[in-house]
Structure formats: structure tokens, C-alpha cells
Amino acid sequence: MAERPPLGVIILAAGKGKRMKSPDQKVLHSIGNKPMIRRVVATARALNPEKIVVIVGSHKERMNDILDGEQLTLVEQEERLGTGDAVLRAEKEFESFDGCILVLSGDVPLLSQMTLDKLLAKHYVSHASATVLAAIFDDPTGYGRIVRNGVENLHRIVEEKDCTDDLRTIREVNAGVYAFDARLLFRYLPEVGNNNVQKEYYLPDVLTVLRSSGHLVAVESVTDSREVAGVNTQEQLIEANRIYRELYENN
């Protein structure tokens, strides 16, 4: 097997999490008695990356306390301009980096190392410029739908608000986890616009830019969709703790 290229990880953790209705940032809430951001960092660390960069908001000092001793870099996103802008904040940290960048979400704490290894393996074997993790949900409401180009690869991702009635029937959704060729990621990210209702720069839009520029974007499906459960509300936090016990404590 060919040697894998260097790996870097960017963890998106700048969101305030207003729907949590809590004074704490949502990524600081606990899953299995550990702040979820520390769980995401631990999973990333198990992949032996050369560098981990965490994108934070105004809570940088608090995050620094929580992640003390983790040997990573915190980068502040001063304005909430979307996930695409958040990743672009990390560009200087990867200025001379030539390898793969894995992008994770700080509020998706249940991903296993095995799933991420599968994602990276698909990325390397397919020689893709980017690879997106997909999941199949019984109720895909609210998620961007995966529209494939044939069996293996991505044609486009269509956000819920832009879906036609036919596209809303697609149950395969974007899980918000990506592997990128580092140099291509930072070359094409500035081409992503903010022509949307929120006036934000969305990271998934760079996949469309890559595709339109002739680059291959692969798709890897998670085996157990419970792993990509996000945490945005207190109810989802309770559910994520229940899933954590099922996946990792009761086996």
C-alpha cells in the first residue's frame, strides 16, 4: 500500500449555539462526561495528524482552558461569516502544507476513528480532490442532499431550501465531514460566494467549484448514521448522550 500523504485537521467550533439556550458554547457541553470538543479532538488525534487547528469564536480563552495541553492551534473567526470563511481562517497555518486536510465539526462528537479512516481511504484510493462523508437518514429534513454523478462520485449538494420536491425524497445527506487536497482547498475557497439568504460562505460550495473546474469529488457513506448526529439543542444533547452510551459504553 502506498504511503499516505501528510494529514492536517481543521475542527470547526466557532458557533455560539444559541439554540442550546445555555451560557456555555455548545461544543463545551459534555458527551459521556467529557466536553464534546475534547471528544472530537481525541478522535482526530487518533489519526496521527501533523497538525490540528480548531476554529473558535469569541470564546477563545475558555476554549484554550478546556483544550490546555492538547498541542493544537486555536484560530479565531471574529465574524460569523460561514463555514467556508471559517476554514479559510486556517490558511496561514497550512501555508507550506502539502497533503490532505480533514474538516470536522466540533458539534458532531460521535464519529469513530474507523469511519474517518474509511473516509480517508476512499479519498486516497480514488485520487479525489475532495471526499465528502454522507449518511442516510429516514428523515433527511434540514440536511443538504447528496446528488451523485453515477455510483461513486458527487455531482452536487443541494441544500434543503433549494430542493425541488423530487430532490427532497433523497435520503442520502451531507454529514458535514470532508477530506480535501490542501492546496486545492485553499486555491478554490476564495471563489466561493455568499449569494444566499444568510450572506454566508458555505464550505460545501467549494465542492461545486472543484467539480466545475474538472476535479473529482468522491463520496464515502458512514455505516451507522448515529455517528453523525449533530448537537444544536438540549434535546439533541440528551439524545447524543444516549447514542454515545449505545455505541461506546454498552459494547
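- Using bins of under 30°, 30° to 60° and over 60° for the plane-to-plane angle, the ring pair H215/Y188 lands in the perpendicular bin.
- Between Y201 and T83, every side-chain heavy-atom pair lies at or beyond the 4.5 Å cut-off.
- For H59, there are no side-chain hydrogen bond (donor to acceptor under 3.5 Å, both in side chains) partners, not counting sequence neighbours.
- Here the side chains of F180 and L207 are in contact, with some heavy-atom distance below 4.5 Å.
- H127 has its side chain out of reach of L216: every pair of non-hydrogen atoms, C-beta onward, lies at least 4.5 Å apart.
- The backbone N or O of A134 sits nowhere less than 3.5 Å from a side-chain atom of E172 that would complete a donor-acceptor pair.
- Taking both residues in full, the closest heavy atoms of Y124 and C100 are given as OH-CB, 3.7 Å, listed atom of the first, atom of the second, then distance.
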Begin with the C-alpha distance, continue with both residues' side-chain angles, and end with the deciding distance and a verdict on side chain to side chain contact (heavy atoms under 4.5 Å, CB included) for D85 and E200. CA-CA 8 Å; D85 176 76; E200 293 185 353; over 6 Å; no
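- Under the rule for a side-chain contact (heavy atoms from CB on, under 4.5 Å), T208 has no partner lying at least two apart in sequence or in another chain.
- Open room surrounds CG on N195; 12 or fewer heavy atoms of other groups in view lie less than 6.0 Å from it.
- Between R148 and I146, the closest side-chain pair of non-hydrogen atoms falls below 4.5 Å.
- Every residue meeting the side-chain contact (heavy atoms from CB on, under 4.5 Å) condition with P6, not counting sequence neighbours, appears here in chain and number order: E50, F97.
- Listed by chain and number, the residues in a ring-ring contact (aromatic ring centres under 6.0 Å, His included) with H155 amount to none (sequence neighbours excluded).
- Hydrophobic cluster of M114: no remaining members, since no ILVMFWY side chain lies below 4.5 Å from it.
- Counting only heavy atoms from C-beta outward, the side chains of I238 and R242 never approach each other to under 4.5 Å.
- Applying the side-chain hydrogen bond (donor to acceptor under 3.5 Å, both in side chains) rule to R156 yields no partners; only residues at least two apart in sequence or on another chain are considered.
- Taking the side chain as every heavy atom from C-beta outward, V87 and I55 never approach each other to under 4.5 Å.
- Annotation: the span from S112 atom OG to D224 atom CG amounts to 8.5 Å, rounded to 0.5 Å.
- T169 contributes no side-chain N or O that, together with a main-chain N or O of D165, makes up a donor-acceptor pair within less than 3.5 Å.
- Side-chain atoms of R168 come within 3.5 Å of backbone atoms of C163 as a donor-acceptor pair (strictly under, hydrogens ignored).
- The list of salt bridge (charged side-chain N to carboxylate O under 4.0 Å, His left out) pairs with a residue in residues 209-220, not counting sequence neighbours, reads K118-E220, K122-E220.
- Considering M63, R38, M36 as possible partners of L28, the one that fulfils the side chain to side chain contact (heavy atoms under 4.5 Å, CB included) test is M63.
- In this structure the side chain of V40 never reaches within 4.5 angstrom of the side chain of S105, judged on heavy atoms.
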With side chain to side chain contact (heavy atoms under 4.5 Å, CB included) as the criterion, how do I243 and I31 come out once you've worked through the C-alpha distance, each side chain's angles and the decisive distance to 0.1 Å? CA-CA 10 Å; I243 294 171; I31 300 294; over 6 Å; no
Take V147 and I170, measure what side chain to side chain contact (heavy atoms under 4.5 Å, CB included) needs, and give me the verdict at the end. CA-CA 8 Å; V147 181; I170 295 174; 4.1 Å; yes
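- Minimum interatomic distance between A240 and V231 (heavy atoms only, all atoms of both residues): CB-CG2, 3.7 Å.
- Remark: V125 pairs with no residue by the side-chain contact (heavy atoms from CB on, under 4.5 Å) rule, at least two apart or across chains.
- For residues 182-193, the set of pairs meeting the salt bridge (charged side-chain N to carboxylate O under 4.0 Å, His left out) definition, not counting sequence neighbours, comprises D98-R183.
- Of the residues listed (V9, L74, V27, T73), the one engaging V54 in a side chain to side chain contact (heavy atoms under 4.5 Å, CB included) is L74, and it is the only one.
- Judged as a side-chain contact (heavy atoms from CB on, under 4.5 Å), and not counting sequence neighbours, the contacts of A175 are L133, V228.
- Of the charged side-chain nitrogens involved, at least one lies within less than 4.0 Å of a carboxylate oxygen, so that R145 and E160 count as a salt-bridged pair.
- The list of salt bridge (charged side-chain N to carboxylate O under 4.0 Å, His left out) pairs with a residue in residues 51-62, not counting sequence neighbours, reads K51-E93.
- Between the N241 side chain and the S30 main chain, a donor and an acceptor come within less than 3.5 Å of each other.
- For residues 126-144, the set of pairs meeting the salt bridge (charged side-chain N to carboxylate O under 4.0 Å, His left out) definition, not counting sequence neighbours, comprises D138-R171.
- In this structure, P109 and Y244 have side chains that are not in contact, with every pair of non-hydrogen atoms separated by 4.5 Å or more.
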